[in-house]
Amino acid sequence: MVYLNMKFIKTYKFQILKSMLILFCIVLSQITVIDTIAEEYTEKGIKRALLTYGVSRSLNAVISVAQGTEVALSPVGVGVTFTPGQILDPVNDLVERFSWVILASGTSLGIQRVFLEMSSAPIINWLVTSLGGVLIFIIWFYKPVDGAQGKAWSNGISRLFAIFIILRFSVPVFALINEIIYLEFLQDRYQTAQLELERAGSKIDAVNIQPEINTQHTDSIIEKAGNWLTSKTQDIDIERQIASVKESANIISQQVIDIIVVFILQTIVFPLVFLWLLMNLFKYSLYRH
């Protein structure tokens with residue numbers, strides 16, 4: 001009995017392996033574990049995009065307010081006006097464009113989620129199961145009378161099965177790979193940049209607007225001296241604030257670029273690579289015979 005089984009396995013080794021592979025694909029297509037994990041990862045990506053978009057809009061609002069601030073001083077009869085918000089003009093333009101990049105990235109992730117739902121649709125699973133069953137029947141029982149036509153028909157079923165397998169698993173697998181790459185190479189960069197942006201925004205928001213000091217109308221030398229000393233103290237404080245704004249502007253520029261890199265890689269570069277691989281897989285499935 002064992003001898004007969006071994007002989008059967010040796011004789012039909014190719015058919016057995018092919019049938020087992022087809023059955024594995026059929027069973028895997030009915031299991032939703034991969035789809036669930038891929039959808040969770042995609043949802044996390046969308047939440048990251050929404051959180052970053054919220055930070056960018058808040059930062060834009062803070063910068064816009066800072067741009068409209070003015071500090072007026074009139075020490076010893078000389079009027080001087082500081083507008084530290086002017087330092088933030090280029091940064092504000094960058095943040096505006098940054099918010100549009102994040103919005104586009106979130107939209108890309110939303111489209112990916114729709115593709116995930118489509119790839120796991122019951123009709124796709126039914127087609128994979130049906131074509132797999134037909135293919136197993138062809139492997140074991142179909143004996144064409146006309147060799148050429150029979151082979152063409154068999155190859156056509158094989159190609160269709162391969163195409164639907166690609167449609168079924170390509171998007172979930174891509175979502176998993178994309179998230180793995182993010183966790184391994186991009187997560188630390190993103191979290192650091194996000195935290196630095198929030199801190200820089202808080203620093204800009206904390207800039208105090210000093211009241212105007214006017215020493216042109218004083219009644220005594222002592223009062224003039226007191227106002228002059230106050231003005232000098234405020235000069236030092238304003239210079240410190242301007243230095244803080246400049247530092248925050250530099251930090252925002254650097255961290256915005258880092259976050260843009262993360263989202264462009266995840267939602268533009270990697271999807272284009274995936275699309276290129278998918279097209280080549282389709283070409284291979286269509287023209288391999």
Side-chain angles (χ1 to χ4, degrees), residues 13-46 104-142 144 148-186 263-289:
K13 180 173 64 176
F14 176 75
Q15 289 92 328
I16 292 172
L17 290 174
K18 195 171 182 180
S19 298
M20 289 179 64
L21 180 61
I22 293 170
L23 285 172
F24 175 76
C25 291
I26 290 173
V27 172
L28 196 62
S29 68
Q30 302 298 326
I31 299 174
T32 60
V33 175
I34 297 177
D35 303 300
T36 302
I37 296 173
E39 287 177 4
E40 289 178 358
Y41 285 163
T42 305
E43 286 294 332
K44 288 180 181 179
I46 293 173
S105 298
T107 303
S108 175
L109 290 168
I111 293 172
Q112 181 178 309
R113 183 176 59 184
V114 173
F115 284 158
L116 277 171
E117 295 173 357
M118 293 172 62
S119 67
S120 60
I123 184 65
I124 300 294
N125 294 330
W126 182 84
L127 286 169
V128 167
T129 303
S130 301
L131 290 170
V134 172
L135 203 53
I136 291 174
F137 175 82
I138 291 173
I139 291 171
W140 290 100
F141 303 109
Y142 182 66
Q149 289 185 354
K151 187 176 181 180
W153 187 75
S154 175
N155 290 342
I157 298 296
S158 298
R159 288 170 184 155
L160 278 176
F161 182 73
I163 288 171
F164 279 103
I165 286 295
I166 293 170
L167 290 174
R168 176 65 182 86
F169 296 111
S170 58
V171 179
V173 168
F174 166 72
L176 294 177
I177 294 173
N178 200 4
E179 184 66 14
I180 290 171
I181 292 173
Y182 167 78
L183 294 174
E184 290 295 326
F185 302 104
L186 302 175
F263 278 97
I264 284 181
L265 283 174
Q266 271 206 294
T267 61
I268 297 177
V269 176
F270 293 158
L272 287 176
V273 172
F274 164 72
L275 183 61
W276 178 81
L277 291 173
L278 193 62
M279 291 176 63
N280 281 275
L281 280 173
F282 275 119
K283 288 180 181 179
Y284 176 76
S285 300
L286 291 172
Y287 303 113
R288 61 177 177 163
H289 296 295

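Counting begins at 1 with the first residue of the sequence. Given the structure is predicted, the values throughout are model-derived calculations rather than measurements.
Within the structure, salt bridge (Lys or Arg N to Asp or Glu O under 4.0 Å) pairs that include any residue of residues 21-33 do not occur (at least two apart or interchain). Applying the salt bridge (Lys or Arg N to Asp or Glu O under 4.0 Å) test to pairs two or more places apart or on separate chains, those with a residue in residues 104-117 are Glu43-Arg113. Pairs passing the side chain to side chain donor-acceptor pair (under 3.5 Å) check and including a residue from residues 122-133, sequence neighbours excluded, read Gln30-Thr129, Asn125-Arg168.
Here Glu39 pairs with nothing under the salt bridge (charged side-chain N to carboxylate O under 4.0 Å, His left out) rule; sequence neighbours left out. Annotation: ring pair (Phe, Tyr, Trp, His ring centres under 6.0 Å) contacts of Phe274 (sequence neighbours excluded): Phe174. Ser19 pairs by the side chain to side chain donor-acceptor pair (under 3.5 Å) definition with Trp140, not counting sequence neighbours.
Here the shortest heavy-atom pairing between Cys25 and Phe161 reads CB-CZ, 4.1 Å. Minimum interatomic distance between Tyr41 and Ala175 (heavy atoms only, all atoms of both residues): CD1-O, 4.4 Å. Here the closest heavy-atom approach between residue Ser158 and residue Leu135 is recorded as OG-CD1, 3.3 Å. Across all non-hydrogen atoms, the minimal contact from Ile26 to Gly133 is CD1-N, 4.1 Å.
When side chains are defined from C-beta on, Leu167 does not count as touching Leu127, because their heavy atoms never get closer than 4.5 Å. Contact annotation: the side chain of Ser119 never approaches that of Ser170 to less than 4.5 Å [non-hydrogen atoms, C-beta and beyond]. Proximity of Ile268 to Leu272: side-chain heavy atoms (C-beta onward) are separated by under 4.5 Å at one or more points. Side chains of Ile165 and Leu131 form no contact here, defined as non-hydrogen atoms less than 4.5 Å apart. Proximity of Tyr182 to Asn178: side-chain heavy atoms (C-beta onward) are nowhere separated by under 4.5 Å.
From Leu116, atom CG reaches atom OG1 of Thr42 across 4.5 Å, with rounding to the nearest 0.5 Å. The line from CD1 of Ile22 to CD1 of Ile136 is 5.0 Å long, rounded to the nearest 0.5 Å. One finds the CZ atom of Arg159 at 9.0 Å from the CD1 atom of Ile163 (value rounded to the nearest 0.5 Å). Atoms CD and CG, on Glu179 and Leu186 in that order, are 10.0 Å from each other to the nearest 0.5 Å. Taking OG from Ser108 and CD1 from Ile46, the interatomic distance works out to 9.5 Å, rounded to the nearest 0.5 Å. To the nearest 0.5 Å, atoms CD (Gln15) and CD1 (Ile138) are separated by 13.0 Å.
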_Go through it in stages, so that I can follow the logic: the residues are Ile181 and Leu265, the test is side chain to side chain contact (heavy atoms under 4.5 Å, CB included), and I'd like the CA-CA distance, side-chain angles, deciding distance and then a yes or no._
CA-CA 10 Å; Ile181 292 173; Leu265 283 174; over 6 Å; no
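Panel note: side chain Ser29, backbone Val128; no donor-acceptor pair is recorded below 3.5 Å.
Environment of CZ in Phe270: crowded, with over 12 heavy atoms of neighbouring residues, nucleotides or ligands closer than 6.0 Å.
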